[in-house]
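This report concerns only the one structure given below.
The shown structure was predicted, so the numbers you read here are calculated from the model rather than taken from an experiment. As the structure lists them, so they are numbered: ligands from 1, and atoms in each ligand from 1. All residue numbers in this chain count up from 1 along the given sequence. As a basis for the values below, the full set of heavy atoms in this structure was taken, side chains included, without hydrogen atoms, waters or symmetry mates.
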Amino acid sequence: MDVLELYRRTGALLEGHFLLRSGLHSPIFLQSAALLQHPFYAEAVGEALGKLFEDEKVDFVIGPALGGVVLSFVVAKALGARALFAEKDGQGGMTLRRGLTVNPGDRFLAVEDVVTTGESVRKAIRAAEARGGALVGVGAIVDRSRGEADFGVPFRALLKLEVPQYLPEACPLCRDGVPLEEV
Ligand SMILES: O=P(O)(O)OC[C@H]1O[C@H](OP(=O)(O)OP(=O)(O)O)[C@H](O)[C@@H]1O
Ligand SMILES: O=C(O)c1cc(=O)[nH]c(=O)[nH]1
Ligand SMILES: [Mg+2]
């Protein structure tokens, strides 16, 4: 599956000057909602990502809202598992709400649309582990962490992308006066 081509085709590959969740700046932003709005592509992504973990027997898949909601659903469908999502808890972490439950010992796969630092998916992982879940792997559509994200379990992505990202004080786009976009 040519994931970059899918982002491009759906208008989800943005070029400019973007503020990332982590506070880093980047000339590239992958707007996964623009891709996942197409059920046909979303299902294809879910099947491809699920396939990378088909040997793991998982009870549920979890992703951090919002980007991880649709993705969790399509991957869980491919794996025959439940689809959970974690939500911001208002205190910098994430939590399970809306009657979504974890049974102690449940094996789970965490999924994320785009991993930059991995902090967002880590919060969803903590929420599931706090309820007794056992993490077996992390899957992403795109890994743009340049090998820096480490979850202590297999981390597999459909696409590894090497794109520039800068600390604000070292950002050349800021230096050139390019307006910063919050997507
Ligand atoms: O690996 P990280 O450094 O945490 O960055 C990547 C995160 O940023 C985006 O989510 P965002 O927080 O913008 O919110 P959304 O999912 O609600 O769109 C994306 O969906 C990842 O969750
Ligand atoms: O790091 C981020 O916040 C981020 C990067 C990216 O390419 N896409 C996205 O949704 N978030
Ligand atoms: Mg997100």
Side-chain angles (χ1 to χ4, degrees), residues 2-38 41-42 45-46 49 61-76 83-98 100 108-129 135 137-168 170-171 173-174 178-183:
D2 188 342
V3 171
L4 195 56
E5 167 54 21
L6 268 190
Y7 273 90
R8 215 175 253 129
R9 191 185 307 166
T10 56
L13 178 60
L14 310 182
E15 293 181 52
H17 180 197
F18 302 101
L19 176 63
L20 306 184
R21 172 58 51 193
S22 50
L24 296 171
H25 293 194
S26 178
I28 299 290
F29 193 86
L30 298 145
Q31 184 62 280
S32 306
L35 187 164
L36 296 171
Q37 70 176 317
H38 301 284
Y41 293 145
V45 163
L49 198 47
V61 179
I62 191 167
L66 285 172
V69 177
V70 169
L71 185 62
S72 171
F73 182 87
V74 292
V75 173
L84 274 57
F85 54 86
E87 299 174 66
K88 295 184 177 83
D89 65 5
Q91 295 170 319
M94 285 199 171
T95 188
L96 292 177
R97 297 176 55 203
R98 304 174 205 278
L100 298 178
F108 75 95
L109 173 67
V111 293
E112 177 65 292
D113 55 341
V114 178
V115 168
T116 301
T117 64
E119 260 318 293
S120 303
V121 70
R122 217 168 262 126
K123 288 175 186 174
I125 291 168
R126 281 192 212 111
E129 286 181 334
L135 178 69
V138 177
I141 307 176
V142 180
D143 171 11
R144 53 176 293 176
S145 77
R146 303 190 238 184
E148 282 180 22
D150 181 358
F151 304 99
V153 290
F155 172 36
R156 298 174 189 139
L158 295 178
L159 174 68
K160 279 188 203 290
L161 201 57
E162 294 259 336
V163 284
Q165 41 214 34
Y166 309 104
L167 291 170
C171 177
L173 297 158
C174 286
V178 181
L180 183 66
E181 292 178 59
E182 276 191 56
V183 188

- [ ] Please say whether Gly67 places an N or O atom under 3.5 Å from an N or O atom belonging to ligand 1.
- [x] yes
TODO: Look at atom 2 (P) of ligand 1 and say which protein heavy atom is nearest, naming residue and atom and giving the distance to 0.1 Å.
DONE: Thr117 OG1, 3.4 Å
Open item on the list: Measuring only between side-chain heavy atoms, which start at C-beta, is Tyr7 closer than 4.5 Å to Val142?
Closed with: yes
- [ ] List the closest protein heavy-atom neighbour of atom 12 (O) of ligand 1: residue, atom name, distance to the nearest 0.1 Å.
- [x] Arg21 NE, 2.6 Å
Just the distances, no angles: every ligand 2 N or O to protein N or O pair closer than 3.5 Å, one line each.
residue: ligand 2; atom: 1 (O); partner: Thr116; partner atom: OG1; Å: 2.6
residue: ligand 2; atom: 3 (O); partner: Arg21; partner atom: N; Å: 2.8
residue: ligand 2; atom: 7 (O); partner: Leu30; partner atom: N; Å: 2.9
residue: ligand 2; atom: 7 (O); partner: Arg144; partner atom: NH1; Å: 2.8
residue: ligand 2; atom: 8 (N); partner: Leu30; partner atom: O; Å: 2.8
residue: ligand 2; atom: 10 (O); partner: Leu30; partner atom: O; Å: 3.3

Open item on the list: Could you check whether any side-chain heavy atom of Val114 comes within less than 4.5 Å of a side-chain heavy atom of Thr116, counting everything from C-beta outward?
Closed with: yes
- [ ] May I ask you to identify the nearest protein heavy atom to atom 6 (C) of ligand 1, giving residue, atom name and distance to one decimal place in Å?
- [x] Val114 O, 3.2 Å
TODO: Could you tell me whether Asp113 approaches ligand 1 through its side chain, its backbone, both or neither, with non-hydrogen atoms closer than 4.0 Å?
DONE: side chain
Open item on the list: Does the protein place a non-hydrogen atom closer than 4.0 angstrom to atom 10 (O) of ligand 1?
Closed with: no
Open item on the list: Give me the nearest non-hydrogen protein atom to atom 17 (O) of ligand 1 as residue plus atom name, then the distance to 0.1 Å.
Closed with: Leu66 N, 3.0 Å
Task: Inter-residue atom distance Phe29.CZ - Leu20.CG, 0.5 Å rounding - done: 6.5 Å
TODO: Could you tell me whether the side chain of Phe18 reaches within less than 4.5 Å of the side chain of Ile28, counting heavy atoms only?
DONE: no
TODO: Take atom CZ of Phe155 as the centre, draw a 6.0 Å sphere, and report whether it contains more than 12 heavy atoms from other residues, nucleotides or ligands.
DONE: yes
TODO: Kindly indicate whether atom 19 (C) of ligand 1 is approached by any protein heavy atom to under 4.0 angstrom.
DONE: yes
- [ ] Identify, for atom 4 (O) of ligand 1, the protein heavy atom at the shortest distance, and state residue, atom and that distance.
- [x] Ser120 OG, 2.6 Å
Open item on the list: Within the structure provided, determine whether His25 and Cys174 are in side-chain contact (heavy-atom separation under 4.5 Å).
Closed with: yes
Task: Student check: side-chain heavy atoms of Ile125 and Val138 closer than 4.5 Å - done: yes
Task: Exam field: side chain Glu5 to backbone Asp2, donor-acceptor pair closer than 3.5 Å - done: no
TODO: Note the single closest protein heavy atom to atom 21 (C) of ligand 1, along with its residue, its atom name and the distance in Å.
DONE: Glu112 OE2, 3.2 Å
- [ ] If a pair satisfies salt bridge (Lys or Arg N to Asp or Glu O under 4.0 Å) and one of its residues is in residues 142-155, list it, with sequence neighbours excluded.
- [x] Asp143-Lys160
